[in-house]
Amino acid sequence: MKIATFNVNGITARLPRLLEWLAESAPDVACLQELKTSDETFPLQAIEAAGYGAIWHGQKGFNGVAVLARGAQPVERRRGLPGDPDDTHSRYLEAQVGDVIVGALYLPNGNPQPGPKFDYKLKWMQRLHEHAATLVGLDAPVVLAGDYNVVPTDAVRDIYSPKGWQNDALLQPESREAFARLQALGFTDALATLHGDAAMYTYWDYFRQRWERNAGLRIDHLLLNAPAAARLKAAEVDRFIRGREKPSDHAPVWVELG
DNA sequence: ATGTCTACACACTGTAGA
């Protein structure tokens with residue numbers, strides 16, 4: 001079972017790339033982020049025509065997450081994280097597909113920091129932590145997949161160079177500690193586990209020819225609870241779609257569970 | 001400081017968010 005995450009950066013503008021990727025990579029489950037569209041304008045027909053069932057949580061202009069399942073309808077378990085009824089951002093959607101539980105998340109960027117946006121990021125991470133603690137011990141495989149907006153370390157595996165990013169919210173110690181604490185609950189970082197020190201970037205800024213120079217960051221992650229990690233066979237980045245016309249600034253990442 | 005892209009609105013140019 002192939003489970004993927006892909007920050008599409010606008011599903012309307014990116015629909016041709018999304019459909020190509022679904023056809024060529026053929027994930028069984030796809031978690032999408034940054035739909036940047038309201039619920040009413042989600043392109044369900046095109047996605048169904050590609051052979052996928054879908055649930056989504058949209059928001060006009062910003063944010064938005066979806067779970068797609070090939071030849072199946074995802075069964076929704078949760079819409080939004082618990083812990084703040086005043087939070088209006090569409091950033092978390094949880095579903096069951098087959099025997100696997102998938103949490104699709106779009107973690108707040110947090111820039112500029114310090115400031116209210118960074119505070120919101122850290123509070124959101126705390127809420128994610130508390131909810132993840134209720135999932136980690138389930139007998140079912142659990143995959144928390146999405147754009148975490150955290151570069152885990154300064155290692156070449158995670159960033160081409162930390163210079164120039166020292167003040168960015170994605171590299172702050174508080175962001176990294178929260179990400180590490182999440183893993184300490186009992187979640188495995190699939191891509192890091194299978195690829196060691198190799199550079200495994202998932203995001204490249206549009207400007208300054210960052211893609212052409214492979215000046216990327218690893219910020220899209222799939223965290224696996226123990227039952228899921230026991231079935232982990234492969235994890236890869238689908239770089240091919242990032243090199244095409246009008247791409248997202250992210251590449252999809254996926255795991256294969258046996 | 002710069003740079004690029006998407007979506008939105010007092011909309012064909014400017015602004016926010018990333």
Side-chain angles (χ1 to χ4, degrees), chain A residues 5-21 31-44 46-47 56-66 87-93 104-125 128 145-152 158-172 174-176 178-179 201-221 237-253:
Chain A
T5 178
F6 186 14
N7 180 323
V8 294
N9 189 16
I11 197 169
T12 305
R14 218 63 66 203
L15 194 57
R17 295 294 83 75
L18 174 62
L19 295 175
E20 285 174 9
W21 172 70
C31 301
L32 307 182
Q33 303 90 32
E34 280 209 85
L35 304 178
K36 293 187 177 181
T37 192
S38 59
D39 282 338
E40 296 74 21
T41 46
F42 183 83
L44 180 62
I47 285 167
W56 61 94
H57 191 194
Q59 184 172 348
K60 192 175 186 178
F62 312 101
N63 306 324
V65 287
D87 185 0
T88 58
H89 292 201
S90 298
R91 294 182 177 276
Y92 188 83
L93 190 59
L105 64 99
Y106 176 46
L107 209 146
N109 175 291
N111 282 307
Q113 77 80 33
K117 292 188 176 180
F118 190 60
D119 296 341
Y120 173 66
K121 175 178 192 153
L122 296 181
K123 283 178 187 156
W124 202 93
M125 293 187 86
L128 177 63
D147 178 358
Y148 282 73
N149 270 314
V150 176
V151 177
D158 296 337
I159 185 167
Y160 65 101
S161 166
K163 282 182 184 172
W165 291 87
Q166 296 301 339
N167 293 322
D168 196 282
L170 279 57
L171 277 73
Q172 291 314 297
E174 296 94 328
S175 308
R176 288 175 162 175
F179 185 65
Y201 307 140
T202 68
Y203 164 85
W204 301 258
D205 255 341
Y206 286 122
F207 34 82
R208 295 184 227 176
Q209 299 187 302
R210 291 248 168 86
W211 167 249
E212 289 78 1
R213 298 187 291 119
N214 195 29
L217 313 179
R218 190 173 75 95
I219 58 176
D220 300 273
H221 309 297
V237 180
D238 277 340
R239 294 173 61 103
F240 66 87
I241 205 75
R242 181 64 177 81
R244 293 190 187 169
E245 193 176 348
K246 283 194 155 289
S248 169
D249 41 6
H250 294 250
V253 190

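Residue numbering restarts at 1 for every chain, and letters A, B, ... go by the order of the sequence lines.
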So if I take every side-chain heavy atom of A:F62 and compare against B:dG17, B:dA18, B:dC5, which nucleotide ends up nearest? B:dG17
To the nearest angstrom, how far is A:N7 atom CG from B:dA7 atom P? 12 Å
Once you round it to whole Å, what is the distance between P of B:dG17 and NZ of A:K121? 16 Å
When rounded to the nearest Å, what value does the distance between C1' atoms of B:dA18 and B:dA11 take? 22 Å
B:dG17 phosphate, OP1 or OP2: any side-chain N/O from A:K36 under 4.0 angstrom? no
Closest non-hydrogen atoms of A:R218 and A:D158, given as atom of the first, atom of the second and distance, are NE-OD1, 2.6 Å
Integer angstrom distance from the C1' of B:dC10 to that of B:dT15: 13 Å
Indicate, with a heavy-atom threshold strictly under 4.0 Å, whether A:T12 touches base, sugar-phosphate, or nothing. sugar-phosphate
Whole angstrom is fine here: how far is it from CD in A:Q113 over to P in B:dG17? 17 Å
Measure the acute angle between the ring planes of A:Y160 and A:W165, then classify it against the limits of 30° and 60° as parallel, tilted or perpendicular. perpendicular
Whole-Å distance between B:dT6 P and A:H250 NE2? 13 Å
Looking only at heavy atoms, what is the nearest atom pair of A:K246 and A:R14, with distance? O-NH1, 3.0 Å
Does a side chain donor of either A:K117 or A:N111 reach within less than 3.5 Å of an acceptor in the other side chain? no
If you pin A:Q59 and A:G110 to their nearest nucleotides in DNA chain B, which one's is more 5'? A:Q59
Return the value, rounded to whole Å, for the distance between atom CG of A:L35 and atom P of B:dC5. 21 Å
At less than 4.0 Å, is any side-chain N or O atom of A:K60 found next to OP1 or OP2 of B:dA9? Yes or no. yes
Using O4'-C1'-N9-C4 for purines and O4'-C1'-N1-C2 for pyrimidines, with syn meaning within 90° of 0, is B:dC10 syn or anti? anti
Please tell me which of A:F207 and A:D147 maps to the more 5' nucleotide of DNA chain B, matching each residue to the nucleotide holding its nearest heavy atom. A:F207
Here the pair of heavy atoms bringing A:N149 nearest to A:L170 is O-CG, 3.3 Å
Output the rounded distance in Å from CG (A:L15) to C1' (B:dA7). 16 Å
Could you check how far NZ of A:K246 sits from C1' of B:dA7, rounded to whole Å? 12 Å
Check every atom of B:dA18, B:dC5, B:dA7 against the side chain of A:Y106 and return the nucleotide holding the closest atom. B:dA18
With P as the reference atom in both, quote the distance from B:dC5 to B:dA1 in angstrom, rounded to an integer. 22 Å
d(CD, A:E245; P, B:dT4) in whole Å: 17 Å
Under 4.0 angstrom, heavy atoms only, what part of the nucleic acid is A:R14 near: base, sugar-phosphate, or nothing? sugar-phosphate
